[in-house]
Amino acid sequence: MRLVIWVMPNGKHKLFFSTKTSMSGEEMLCTYRSRFQIEFCFRDAKQYTGLAHCQARHKNQLDFSYNTSFASQNVAKVMMKENGLPYSMASFKERMASTYIAKLIFDRCGSIPNRKLISHTIKELFGWQRKTA
């Protein structure tokens, strides 16, 4: 068994184990990072984008469902990045629900909407853009 001890900048230590003794310490760190990124992707897909909710039994339908789940995750990541926000599926889902509710309220107003004002207000209310003084 191979053990790598990583001393982080804050002085804490992390231990990484591998049964592949030919791997270097750097390779082990890269492998662990990749592994955890994949696990987070699956966790978010299960919790927020319905990865485990498909009831289909045919391969093509299952492929479509899985691809849709992961594609929606990618769209969320891009939208958060474009707006300068840290990525979190929970905060993205909350923002989208709040934006939908606000849009619904504005749409049901009886007056003629000022699209620029509404767009600016929604973005400001839900953190998509900073308030201007």
Side-chain angles (χ1 to χ4, degrees):
M1 181 170 295
R2 185 169 183 87
L3 168 66
V4 173
I5 302 171
W6 179 36
V7 181
M8 299 186 321
N10 63 4
K12 291 185 179 179
H13 294 74
K14 286 195 175 184
L15 305 176
F16 298 95
F17 297 92
S18 175
T19 55
K20 189 173 182 182
T21 57
S22 62
M23 287 177 70
S24 70
E26 189 175 339
E27 285 177 314
M28 282 180 62
L29 286 174
C30 288
T31 302
Y32 268 93
R33 282 189 186 128
S34 297
R35 176 179 164 228
F36 286 118
Q37 286 301 315
I38 292 168
E39 285 185 21
F40 291 140
C41 227
F42 275 96
R43 183 206 62 197
D44 283 351
K46 284 180 179 178
Q47 289 180 349
Y48 299 107
T49 61
L51 180 67
H53 295 146
C54 182
Q55 295 181 4
R57 295 292 178 251
H58 298 287
K59 182 186 179 305
N60 290 343
Q61 293 169 334
L62 289 169
D63 282 347
F64 180 80
S65 176
Y66 300 152
N67 286 328
T68 303
S69 179
F70 288 115
S72 62
Q73 257 190 316
N74 290 332
V75 167
K77 285 180 185 178
V78 168
M79 287 182 72
M80 296 293 273
K81 186 175 182 178
E82 285 179 351
N83 287 287
L85 299 167
Y87 172 71
S88 161
M89 273 305 284
S91 65
F92 177 77
K93 191 171 181 179
E94 183 180 313
R95 286 175 190 275
M96 289 295 101
S98 299
T99 303
Y100 173 76
I101 291 168
K103 184 181 179 321
L104 187 64
I105 290 168
F106 283 121
D107 287 347
R108 293 201 176 164
C109 291
S111 62
I112 299 171
N114 178 336
R115 291 186 188 271
K116 189 173 181 179
L117 176 63
I118 290 173
S119 176
H120 177 75
T121 305
I122 288 175
K123 286 179 181 179
E124 191 175 283
L125 281 171
F126 301 108
W128 291 98
Q129 104 184 10
R130 301 218 186 326
K131 291 183 181 181
T132 55

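Judged by distance alone, with hydrogens and angles left aside, the side-chain atoms of Gln73 form no donor-acceptor pair with the main-chain N or O of Thr49 at under 3.5 Å. Remark: the backbone N or O of Leu85 is not paired with any side-chain donor or acceptor of Asn83 at under 3.5 angstrom. Remark: the backbone N or O of Ser65 is not paired with any side-chain donor or acceptor of Ser69 at under 3.5 angstrom. Listed for the Glu27 side chain is a donor-acceptor partner under 3.5 Å among the backbone atoms of Ser24.
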Quiz item: When you look at Met1 and Phe17, which way does the side chain to side chain contact (heavy atoms under 4.5 Å, CB included) test go after all the steps?
Solution: CA-CA 7 Å; Met1 181 170 295; Phe17 297 92; 3.7 Å; yes
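For the salt bridge (Lys or Arg N to Asp or Glu O under 4.0 Å) test, residues two or more places apart in sequence or in another chain that qualify with Lys59 are Asp63. Remark: Tyr87 pairs with no residue by the ring-ring contact (aromatic ring centres under 6.0 Å, His included) rule, at least two apart or across chains.
Hydrophobic clustering of Ile, Leu, Val, Met, Phe, Trp and Tyr side chains at less than 4.5 Å, counting indirect connections, keeps Leu29 apart from Val7. Linking ILVMFWY side-chain heavy atoms closer than 4.5 Å, directly or via other members, places Val75 and Phe64 in two distinct hydrophobic clusters.
Atom CG of Leu3 and atom CE of Met28 lie 7.0 Å apart (nearest 0.5 Å). Rounding to the nearest 0.5 Å gives a distance of 3.5 Å between CE of Met80 and OG of Ser91. Summarising the geometry, atom OG1 belonging to Thr31 is positioned 3.5 Å from atom CE belonging to Met23; distances are rounded to the nearest 0.5 Å. For the atom pair Met89 CE and Met96 CE, the distance stands at 10.5 Å (nearest 0.5 Å). Atom CZ of residue Arg35 and atom SG of residue Cys30 lie 15.0 Å apart, to the nearest 0.5 angstrom.
You'll find the side chain of Leu51 reaches within 4.5 Å of the side chain of Phe70, heavy atoms only. Looking at His13 and Met8, their side chains never come closer than 4.5 Å, going by heavy atoms from C-beta outward.
Between Tyr66 and Phe42, a ring centre-to-centre spacing not shorter than 6.0 Å is recorded.
Here the closest heavy-atom approach between residue Gln61 and residue Arg57 is recorded as OE1-N, 4.2 Å. Annotation for Leu62 and Ala56: closest pair CD2-O, 3.4 Å, computed over non-hydrogen atoms.
The environment of CG in Leu15 is crowded: more than 12 heavy-atom neighbours from other residues, nucleotides or ligands sit within 6.0 Å.
Ionic pairing of Arg43 and Glu39 is not present here: no N-O contact between side-chain nitrogen and carboxylate oxygen is shorter than 4.0 angstrom.
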